[in-house]
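Beneath this line is the structure, given in structure tokens, with notes to follow.
Order of appearance sets the numbers: ligands from 1, and atoms from 1 within every ligand. We count residues from 1, following the sequence as given. Model, not experiment: these values are computed from the prediction.
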Amino acid sequence: MKIGITCYPTYGGSGAMATELGLALARRGHEIHFISYASPFRLRGYADRVYFHEVDTTIAHYPLFDHFPYTLALASKQYEVARRESLEILHVHYAIPHATTAWLAREMLRPERPIRVITTLHGTDITLVGQEASFHEITKFSIERSDVVTAVSNFLRDETYRTFGCVSCDVQVIPNFVNLTEYCPDPGASRDGLAPTGHKVITHISNFREVKRVRDVVRIFARIRKAMPATLVMVGDGPDRSDAEREASLLGVADNVRFLGRLDRVTSILQGSDLFLLPSQTESFGLAALEAMACGAPAVASRIGGLPEVIDDGVSGILEPPGSVEAMGRRAVDLLLAPARLQATREAAIAKAATFSAERIVPMYEALYREPAG
Ligand code: GMT
């Protein structure tokens, strides 16, 4: 099929997932057209049957525009690409504003032919931004007008119903997936350069927004560091990075915390990690934890949102309420000091991640694409 995908190109789970989906679909023979203001961060290099269409923002600095109307430019591009490339599906990731622009594009195309709009809800489009007064009504409208709506966890589906009270939307759960060819354990993984010999490697990857509680990451690590030689590897960047750096200095662990900044490829780091920390305030799914688990690094995470759908507490990882730095630190230390239990947890994490394989999940999207227009 010919499928248009719109997502945020920036460092984050929804853009990562949308790109992985597009690439997986292209490998299965579909023609994929990404439409956004920049090339998504995981779309690197040439891939057969994959195209990128950049939304034109050259007029963004016209003096009249204090705020460039990106939404109109995107809708116009979606329409133009759909028409020229004969797209059958517009699959948009993150409702705001993508579900709205897709609706506009579909209306523009309507006199010529139908196109199906599929909206995948990812997280803060429902739990945070979509609840803002200025977005609530239009988000509800756009979700209800989508031909198909999917959510990445049962938690997010339930939140969508609770927040928007959608009467005419049937939100289907299709969980996030992981490409097990790329995200897999590497028994020969070298930790050289990642941490000094004999150190446990603890990792965190995010966009360092408030919701990620990156200071808690450092606080949990400080408890681990007190009990054993360990290095914390922080991947990503964002508004709370300097807070995390300050916390590391305050707690006297700065020498053992490495801030690597944004990286496009993280598998070798995950393969060399003993534990992954994700103590977020909320998380609709926790794709970063899933990718870590697939590489053999169990997660210590918050018992919140969709995370319990990904991690079985005490089996494939550790879950504690958000903010329970003490409990997360104590349980992480206990696990790291019990090699047999750590190995069992690692194996359970790999097995659990395999239940979210691309091979199992991507056909669920294909089945939706094939449904007749309603
Ligand atoms: O909703 C967000 O915060 C943005 C989004 C992103 O683009 O980073 O993250 C969400 O989508 C991911 C992919 O589906 C999920 O794994 C994350 O849990 C979710 N983030 C939150 O719910 C905070």
As a test of reading the model: which N/O atoms of the protein lie under 3.5 Å from N/O atoms of ligand 1, and at what distance?
{"unit_1": "ligand 1", "atom_1": "1 (O)", "unit_2": "Thr124", "atom_2": "N", "d": "2.6"}
{"unit_1": "ligand 1", "atom_1": "1 (O)", "unit_2": "Thr124", "atom_2": "OG1", "d": "2.6"}
{"unit_1": "ligand 1", "atom_1": "3 (O)", "unit_2": "Thr124", "atom_2": "OG1", "d": "3.0"}
{"unit_1": "ligand 1", "atom_1": "3 (O)", "unit_2": "Arg209", "atom_2": "NH1", "d": "3.1"}
{"unit_1": "ligand 1", "atom_1": "3 (O)", "unit_2": "Arg209", "atom_2": "NH2", "d": "2.9"}
{"unit_1": "ligand 1", "atom_1": "7 (O)", "unit_2": "Gly13", "atom_2": "N", "d": "3.4"}
{"unit_1": "ligand 1", "atom_1": "7 (O)", "unit_2": "Ser14", "atom_2": "N", "d": "2.7"}
{"unit_1": "ligand 1", "atom_1": "7 (O)", "unit_2": "Ser14", "atom_2": "OG", "d": "2.5"}
{"unit_1": "ligand 1", "atom_1": "8 (O)", "unit_2": "Gly13", "atom_2": "N", "d": "2.7"}
{"unit_1": "ligand 1", "atom_1": "11 (O)", "unit_2": "His122", "atom_2": "O", "d": "3.3"}
{"unit_1": "ligand 1", "atom_1": "14 (O)", "unit_2": "His122", "atom_2": "ND1", "d": "2.6"}
{"unit_1": "ligand 1", "atom_1": "14 (O)", "unit_2": "Asn176", "atom_2": "ND2", "d": "2.8"}
{"unit_1": "ligand 1", "atom_1": "16 (O)", "unit_2": "Gly286", "atom_2": "N", "d": "3.1"}
{"unit_1": "ligand 1", "atom_1": "16 (O)", "unit_2": "Leu287", "atom_2": "N", "d": "2.9"}
{"unit_1": "ligand 1", "atom_1": "18 (O)", "unit_2": "Glu283", "atom_2": "OE2", "d": "2.7"}
{"unit_1": "ligand 1", "atom_1": "18 (O)", "unit_2": "Ser284", "atom_2": "N", "d": "3.3"}
{"unit_1": "ligand 1", "atom_1": "18 (O)", "unit_2": "Phe285", "atom_2": "N", "d": "3.1"}
{"unit_1": "ligand 1", "atom_1": "18 (O)", "unit_2": "Gly286", "atom_2": "N", "d": "3.0"}
{"unit_1": "ligand 1", "atom_1": "20 (N)", "unit_2": "Glu283", "atom_2": "OE2", "d": "3.2"}
{"unit_1": "ligand 1", "atom_1": "22 (O)", "unit_2": "Ser284", "atom_2": "N", "d": "2.8"}

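- Remark: aromatic rings of Phe221 and His204 are distant, center separation not under 6.0 Å.
- Under 4.0 Å is where a charged nitrogen must lie from a carboxylate oxygen, and between Arg303 and Asp313 at least one such pair does.
- Phe356 and Phe285 have their aromatic ring centers within a separation under 6.0 angstrom.
- Residues meeting the salt bridge (charged side-chain N to carboxylate O under 4.0 Å, His left out) test with Asp334, sequence neighbours left out: none.
- A donor-acceptor contact shorter than 3.5 Å is absent between the side chain of Arg157 and the backbone of Gln172.
- More than 12 heavy atoms of other residues, nucleotides or ligands shown are found within 6.0 angstrom of CZ on Phe65.
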